[in-house]
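Chain identifiers are assigned alphabetically (A, B, ...) following the order of the sequence lines, protein sequences preceding nucleic acid strands; residue numbering begins at 1 within each chain.
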Amino acid sequence: MTDPVPFPPAGDQPGGYDPAAVEEKWQARWRAEGTNAPDLEHGARPYYALMMFPYPSAEGLHVGNLFAFTGNDIHGRFQRLQGHTVFEPFGFDAFGIHSENYAIKVGIHPGELIPRNIDNFRRQVQRTGLMVDWRHELSTTDPSYYKWTQWVFLQLYKRGLAYKKKAAVNWCPFDKTVLANEQVVGGACERCGTVVEQRFLEQWFFRITDYAGRLLANLDTLDWSDTTKTAQRNWIGKSEGAEIAFVVQDVMEFAGSATATAGLSGEVAVTPTEIRVFTTRADTIFGATYLVLAPEHPLVDSITTDEQRDEVQDYVAGAARQDLVTRKTTRDKTGVFTGAYATNPGTGMPIPIWIADYVLMEYGTGAIMAVPGHDERDHEFAKIYDLPIVRVVAGATPGADGRIEDAAFTDVDGCRLVNSGRFNGLSISEGKAAIVTELASHKAAIPVVNYRLHDWCISRQRYWGPPIPIVYCDACGVVPVPEDQLPVVLPELEDFRPDDSGVSPLARSEAWYHTACPSCGKPARRETDVSDTFLDSAWYFLRYPSSDRDDVPFDAALTKRWLPVHSYIGGNEHAVLHLLYSRFVTMVLHDAGFIEFEEPFTRFRAHGMIVRDGAKMSKSKGNVVNPDDYISEWGADAFRTYLMFLGPYEEGGDFRDKGISGAKRFLDRLWRSVHDARRDGDVDVEVRRKLHQTIRKVGEDIPKLSYNTAIAAMMEYMNSMRSGERKPRVDEVRPLVQLVSPFAPHIAEELWSILGNEVSVFDSGWPTYDPALLVESTVTMAVQVNGKTRGTIVVAKDVTQDDAVAAAMAEPGVAKFVTGAVKKVIFVPGRMLNLVI
RNA sequence: GCCCGGGUGGUGGAAUCGGUAGACACAGCGGACUCAAAAUCCGCCAGCACGAGAGUGCUAUACGAGUUCGAGUCUCGUCCCGGGUACCA
């Protein structure tokens, strides 16, 4: 112990903890001394502690944001105390529909609104005391940032991964824009709840599906929580199956015309039409009693018979008129018979070909073989249209399967094929393999892997985003803007409102979109769509360390030094999209040779959600927590500590106003403990042991994000250190100040300096514990009789079984239950003893 | 419907290689200090029954079975709550 200053400090009154003064003082000092600005070029053991950057709303920081940021800050500060150089940057995801809609609502241009909101956010974040390196702040709306977002687009374009196609898109009639599939929730717009319609527009897409296999396989290498990985796996939706060709029987045969009756058969020399279906259950092919095509299927017209033509055309037209919502949410099955038949390659029998909208053109081949016996949807359809239902799979127990006419039998485990010719008796997986092999030998099947994942539509017919850097020239066609002409600056438009023309507001500025073709110099036209916000956020983590560089998107040396991100923390609502897009863009940049790694986030953890008094916070309920009010009343340190204490970080918890007082009391007691601390006096071995146990516990809990139990452990230690009228020793409080510092950084700095230290507590290192001091010489063991706890014994920690039994029998409370001979003794050294009689 | 989480005192939550359920905190109750209050400090605080009392017994981790010497923890079934997803063949 070396205390260079008199202690306790003269004139310092116990109980004089003034959070506002302490917090202001240290925030100023950190700023003045550059405490939170690491040396990115030379600092030892770099550690990149990243949190998801917020969208700067007009309402200001939400308590949920603060919960997220504080958890990351604690993790970062802890890593710093462990000797890492920690980089904790901050930025703003300020483009996008949120900002734009709000701007429309209040009638102020987003270009004016956003900087205001950012100032407010920055003020709030600084007030919370995060260890942010503000030199590297960024906003996605800054031309020096989105210049490189456009650059990212060009890299994808160069590699053939950006393409344009006319596609049925989700159109929100309220926001007047195209939505990605992911932005449609339950058939309605994610943002405004309006029911989405179907429209056809030319859109830019990224070929993320090319990366589906890698995006899936790499998940196994990542230190992410399983729930997040599972969500990504489900989203990618790999299914292994086969494409099987069904040959359409000659239309003439079924035309019912005079020529047909004149003896012409299916052997007429006509090129046979094939319908390819995708299935994961090739084993059930003998049960395929009909085929179904999606209404948009290209073969619909050519196979339909004249008798059925009117009905089919009506049905197809009706399906086209439907919006995507009705199509995808209506479960009542409808369909129409085409009049045509195909041959089931298993049974060799003709089966009818139907059209129904429960089959989707965009998945697989847009056609299925229907197996009503073993697929619920097909079963439902077959019942409605009275199509044959055949059992081709039977369960392990004969007769226990139920009637196949009543319900589809979808069990797989332990099941065997029946009614399947020479494949009878095979298991499901054997059947699949054997049938696909057999069909493949006739070129009638091929194993195929399908993904649920769709290509990423990045076009937005909106104003508030980075213009897509493409020029259309009558002579040269689609021309990418050369990199040295970036950024394509978003023009200032007085009227930035979207309309339902399906064209971006940028199309109103002729001066802007008229440009010279970069290739031939003739008059040309700019792309007027802007890109999806998710593209802005798909690469920002690469930009942070290099945010001051104007010549490159990210500096090679810095990137090598700081990435991939060591720890990423964010909300589970981004578990799928943001994380998947970021991984995709990173992989592409890796393949293009810009970076050495292909996964951006080594470790990811999702924080939980904060509710208030058991209910979700919302403006309409009026139960939103405004962090400013609480920080003013209790101080940032108490607020942070309470947020981390109210529940497990990864699960979130219930915010209750009264709960904060517990955190504040804890800090008050810490303050008094330092001021009361004595330098001499006897060492209390129990307190000392507790200290070492606490150092270990807190050091183990923080990396696990188990902040609530870390705080509980420190409270316990505080209680034992101060039990009764006891005044703690200086060497008892000093390490506690260090343990508390990640949670309550300002008070920790103040107390650390009061304890006579001149450097920041965050440069003091993490206290170590002595394993020898953790061990207690005696232990309290539970004694059970027939499994019920009947008493406890205090014995040496390495007590033998015989001695333990003897001690137990000496306990009256135990002995009275031992009514007969002890048949068996269960002895867990140091934990418990069970006497079985 | 399917896929993930989760169900523990008045409340938020501890405890999972199966081993004394309820740590820590909030609220509440009682006490010390005080003229009084606040603050602070000390004690009590799952339910039921018996007992004057110290205490003793029984029951308890959504519900029902099971495995085990022993289950909040593992297995099976059921019911609720939260989140995601939606005809993906």
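- Atom name P, nucleotides B:U61 and B:G7: the rounded distance is 13 Å, in whole Å.
- Closest to the side chain of A:Val836, from the set B:A27, B:C69, B:A89, is B:C69.
- For A:Arg656, no side-chain nitrogen or oxygen approaches OP1 or OP2 of B:A25 to under 4.0 Å.
- One can place CG of A:Asp226 at 8 Å from P of B:G5, the figure rounded to the nearest angstrom.
- With sequence neighbours excluded, the residues that form a ring-ring contact (aromatic ring centres under 6.0 Å, His included) with A:Phe205 are A:Tyr163.
- For A:Arg233 and B:C3, the CZ to C1' distance is 13 Å, given to the nearest whole Å.
- Considering only side-chain atoms of A:Trp235, the nucleotide from B:U40, B:A23, B:U85 that sits closest is B:U85.
- Scanning both residues, A:Ala294 and A:Val359, for their nearest heavy atoms gives CB-O, 3.3 Å.
- When the P atom is used for both B:G13 and B:G6, the distance is 13 Å, rounded to whole Å.
- Counting any heavy atom pair closer than 4.0 Å across all strands shown, A:Asn719 reaches sugar-phosphate atoms only and no base atom.
- Remark: RNA chain B takes part in the stems B:1-7 with B:79-85, B:10-12 with B:24-26, B:28-32 with B:40-44, B:46-50 with B:55-59, B:62-66 with B:74-78, each of 3 or more antiparallel Watson-Crick or G-U pairs, criterion distances under 3.5 Å.
- B:G10 and B:G1 are spaced 38 Å apart, taking the C1' atom of each and rounding to whole Å.
- The local environment of CZ in A:Arg233 is crowded, with over 12 non-hydrogen atoms from other residues, nucleotides or ligands closer than 6.0 Å.
- Classified by interplanar angle (parallel below 30°, tilted 30° to 60°, perpendicular above 60°), the ring pair A:Phe67/A:His607 is perpendicular.
- To the nearest angstrom, C1' of B:A89 lies 19 Å from CH2 of A:Trp354.
- A:Asn450 and A:Ser239 are not linked by any side-chain donor-acceptor pair at a separation below 3.5 angstrom, with hydrogens and angles left out of the test.
- With both ends at atom C1', the span from B:G5 to B:A62 equals 16 Å, rounded to whole Å.
- Comparing B:G9 with B:G66, their C1' atoms sit 28 Å apart, to the nearest whole Å.
- Residues A:Ala231 and A:Ser239 each lie close to RNA chain B; by heavy-atom proximity, the contact nearer the 5' end of the strand is made by A:Ala231.
- Remark: A:Arg669 is in phosphate contact with B:C41, judged by side-chain N or O atoms under 4.0 Å from OP1 or OP2.
- Phosphate proximity of B:C69 to A:Lys824: present, with a side-chain N or O under 4.0 Å from OP1 or OP2.
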Exercise. Show your reasoning for whether side-chain contact (heavy atoms from CB on, under 4.5 Å) applies to A:Phe246 and A:Ile351.
Key: CA-CA 10 Å; A:Phe246 283 70; A:Ile351 56 174; 3.9 Å; yes
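- Nearest-nucleotide assignment on RNA chain B puts the 5′-proximal partner with A:Asp668, out of A:Asp668 and A:Thr279.
- Atom-to-atom distance recorded for A:Leu216:CG and A:Leu580:CG is 10.0 Å, nearest 0.5 angstrom.
- Rounded to whole angstrom, the span from the NE2 atom of A:His379 across to the P atom of B:C87 amounts to 21 Å.
- Of the listed nucleotides (B:A89, B:U85, B:G12), B:G12 has the atom at the smallest distance from the side chain of A:Phe645.
- In this structure, NZ of A:Lys664 is placed 13 Å from P of B:C26, rounded to the nearest angstrom.
- Between A:Ile610 atom CD1 and B:G13 atom C1' there is a gap of 13 Å when expressed in whole angstrom units.
- Rounded to the nearest Å, the gap between the C1' atom of B:C79 and that of B:A65 is 15 Å.
- Within 4.0 Å of A:Arg790, counting heavy atoms only, lie sugar-phosphate atoms of the nucleic acid but no base atom.
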Self-check item: Steps toward salt bridge (Lys or Arg N to Asp or Glu O under 4.0 Å) verdict (A:Asp657, A:Arg612)
Solution: CA-CA 9 Å; A:Asp657 285 12; A:Arg612 174 101 178 259; 3.2 Å; yes
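- Across all strands, A:Arg726 comes closer than 4.0 Å to no nucleic acid atom at all (heavy-atom distances).
- The number of heavy-atom neighbours closer than 6.0 Å to CD of A:Glu700, taken from other residues, nucleotides and ligands shown, is above 12.
- Between the C1' atoms of B:U67 and B:G51, the separation comes to 39 Å (whole Å).
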Tabulated below should be each protein N or O lying under 3.5 Å from an N or O of nucleotides 14-21 of chain B; please produce it.
residue : atom : partner  : partner atom : Å
B:A14   : OP1  : A:Asn708 : ND2          : 2.9
B:G19   : N2   : A:Gln784 : OE1          : 3.3
B:U20   : O4   : A:Thr780 : O            : 3.4

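- Taking the P atom of each, B:U56 and B:G77 are spaced 42 Å apart, rounded to whole Å.
- For A:Arg722, the side-chain atoms get nearest to B:C41 when compared with the rest of B:C26, B:A23, B:C41.
- The CZ-C1' distance, from A:Arg276 to B:A89, rounds to 16 Å in whole Å.
- Nucleic acid contact class of A:Leu646 (heavy atoms, under 4.0 Å, all strands): sugar-phosphate only.
- Out of B:C24, B:C87, B:C26, the shortest distance to the side chain of A:Lys333 is found at B:C87.
- Ring-plane geometry between A:Phe534 and A:His574 is classed as perpendicular, the angle between the planes exceeding 60 degrees on a 0 to 90 degree scale with a lower cut at 30.
- Taking the side chain of A:Arg672 as heavy atoms from C-beta on, and the options B:G57, B:U85, B:C41, the nearest nucleotide is B:C41.
- Between A:Phe381 and A:Tyr385, the ring-plane angle classifies as tilted under the 30° and 60° cut-offs.
- With rounding to whole Å, A:Glu650 atom CD is found 11 Å from B:G6 atom P.
- With 3.5 Å as the limit, one finds no donor-acceptor pair spanning the side chains of A:Asn234 and A:Arg452.
- Because its glycosidic torsion is within 90° of 0, B:G9 is reported here as syn.
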